[in-house]
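Here is the structure we will look at.
First the proteins, then the strands, lettered A, B, ... as listed; each starts at 1. Every heavy atom of this structure was used, including side-chain atoms; hydrogens, water molecules and symmetry mates were not.
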Amino acid sequence: MKVRTRVAPSPTGDPHVGTAYVALINYCFAKHHGGDFLLRIEDTDQARSTRESERAILDSLHWLGLSWDEGPDVGGPHGPYRQSERSAIYKRYVQQLLDQGDAFKCFCTPERLEEMRVAQRAAGLPPRYDGLCLSYSPEEIARREAAGEAYVVRMKVPDHGACIVEDERRGKIEFEWKTVDMQVLMKSDGLPTYHLANVVDDHLMEITHVMRGEEWISSAPKHVLLYQYFGWQMPKLIHLPLLRNPDKSKLSKRKNPTGILFYQAMGYLPEALLNFLGLLSNSLPEGQDEMMLLPDMVQRFSLEHIPLGGPVFDVAKLDWLNGRYIRERLDPDQFMQRVAAWGFAPDRLKRIASLSQTRVERLSDLGLLLSFFFAGRLPVAAEQLRAGKMSDLEVRQALALAMWDLDALRAWNVAGIEMVLKRVSELLGKKFRDVARPFYVAITGSPTSVPLFDAMDLLGRDMVRERLRTALDALGAPSKKEQDEWKKLLAATDKEDEAS
RNA sequence: GGCGCCAUCGUCUAUCGGUUAGGACAGCCGCCUUUCACGUGGCAAAGACGGGUUCGAUUCCCGUUGGCGCUACCA
């Protein structure tokens, strides 16, 4: 049987290096065995999924040099490859489960479920649906449905016995059924949850090996059970370790840059980044050169060499590798072209130039004025950040508030950025002009520069987050207590927004 | 709290019962060099702990500890 793997990102934010890591492993495994690698978009979360995010994810993976045999952009015989376009399919299978008696409608309110879980936790029990709606008669269910009560569909899960999950890398993993929750398969909006969609799609798309992050191990029993209910052959499961921050916690943008776009903006070469991820995804035999292109990685790939412990994303090693690519794999012409493509693409240059035109008297003023567009993290002078009309506390608050709000921003553009910063100044009860100053310093390195919102837009969300973080750290990162207090400020106005 | 995964230098890792526990990044010290960088030579650095199994455990088993994940009508 032909090996078929997939990567199934959820388009709910900026492209993440973890997605690239999982994609690379799936790609290498499939290609090593002469198989197919597909890309599927898991956009069943209507509230958070966006087309912009999807576009950015595909672009980023392509930028890294990854390609797929089937996917939303290239099509294929098992489409559509976007789950939001497969609703009819899931409905059919949910109905099958309902008809077979393997799933049931649940009318419980979120409040009741919440109470139930609180009680279970207090009693030291595993959180698990208590089966109230399972006791309803068909008439009762029909009555509620007719009355227009919202419901979800849950899968039935046995009360006794255990489930053995077979992981190709870790061996057998045992779960007692009583610790497995009766997962929601279909939400009240009629869309499936990950659990159902993923099983149905993997089967229909003839996926042979599911290689996904280890955060899925605990829900694997549900998937095993669904395959049983449907009578389908289970694909092989391989759970991949999660990339870590230097402090060993799961890699998160709160602590570290996680965006592929950040590494792009920092001037890492795609082949170096991919090579680096390859080093973390498959340990190579002793003495082998660690510099390798995608075809080498495919050729050398083996399941047994996928690490189990979560590797720290060690930027220092990435730096070394990237340096090697720059000086060993590029001749002067190629280097020049890379530099041009990185920071001097015509439309980027055009925008940058237009921002500066009224602010220079000689062209030679440009270098210092615009250098921050061609830099990574800026060395921030704490005195500069403090020099305005705001107190230290206010500056720190402003930076922290902006970071949080900027992360929550749907689309990264001038209007959104302006909205966030204006809101921060209102929250603090300060003139925008005074609030703006530390941002100029943090983002452009100087209190006077080209228009801030455009600069931030051009720099990108990841780079902005890093510079704000650098600035905030220079003044003292907020304590846990301060964070909680400051977040209340945001929450309070969020409620007002909803009310109005 | 419950359930699960993981555990070799600071970091990424090799070792598939017997090794002076190897390599790479970072660090430190030299060499090269008009500075720096590159390159190059070297140094330092690890089997979490406690029990077993075995002639012999880093390696196999159990426990402890620690890290991590999941615990949603998110994925």
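- For A/Arg170 and A/Glu328, each mapped to the nucleotide of RNA chain B holding its nearest heavy atom, the one lying further toward the 5' end belongs to A/Arg170.
- Judged by the 6.0 Å distance and 45° axis criteria, A/Arg6 is not positioned over the aromatic ring of A/Phe37.
- In this model, no side-chain donor or acceptor of A/Thr179 finds a partner on the base of B/C3 within 3.5 Å.
- Separation of the P atoms belonging to B/C36 and B/G18 is 47 Å when rounded to the nearest angstrom.
- Contact annotation for A/Arg128: no contact, since no heavy-atom pair falls under 4.0 Å across all strands.
- Using a cut-off of 4.0 Å between Lys/Arg side-chain N and Asp/Glu carboxylate O, A/Arg300 and A/Asp296 are scored as not salt-bridged.
- Salt bridge A/Asp289/A/Arg324: present, at least one basic N to carboxylate O contact under 4.0 Å.
- Taking the P atom of each, B/U58 and B/U8 are spaced 15 Å apart, rounded to whole Å.
- Below the 3.5 angstrom threshold, one finds a donor paired with an acceptor across the side chain of A/Lys317 and the base of B/A24.
- Spacing of C1' atoms, B/C38 relative to B/U34, comes out at 16 Å, to the nearest Å.
- Taking the P atoms as reference points, B/U13 lies 35 Å from B/C55, given to the whole Å.
- Remark: A/Asp181 does not engage A/Lys222 in a salt bridge, criterion side-chain N to carboxylate O under 4.0 Å.
- A/Ile164 has its CD1 atom 11 Å from the P atom of B/C5, to the nearest Å.
- A donor N or O paired with an acceptor N or O is found under 3.5 Å between the base of B/C74 and the side-chain atoms of A/Arg48.
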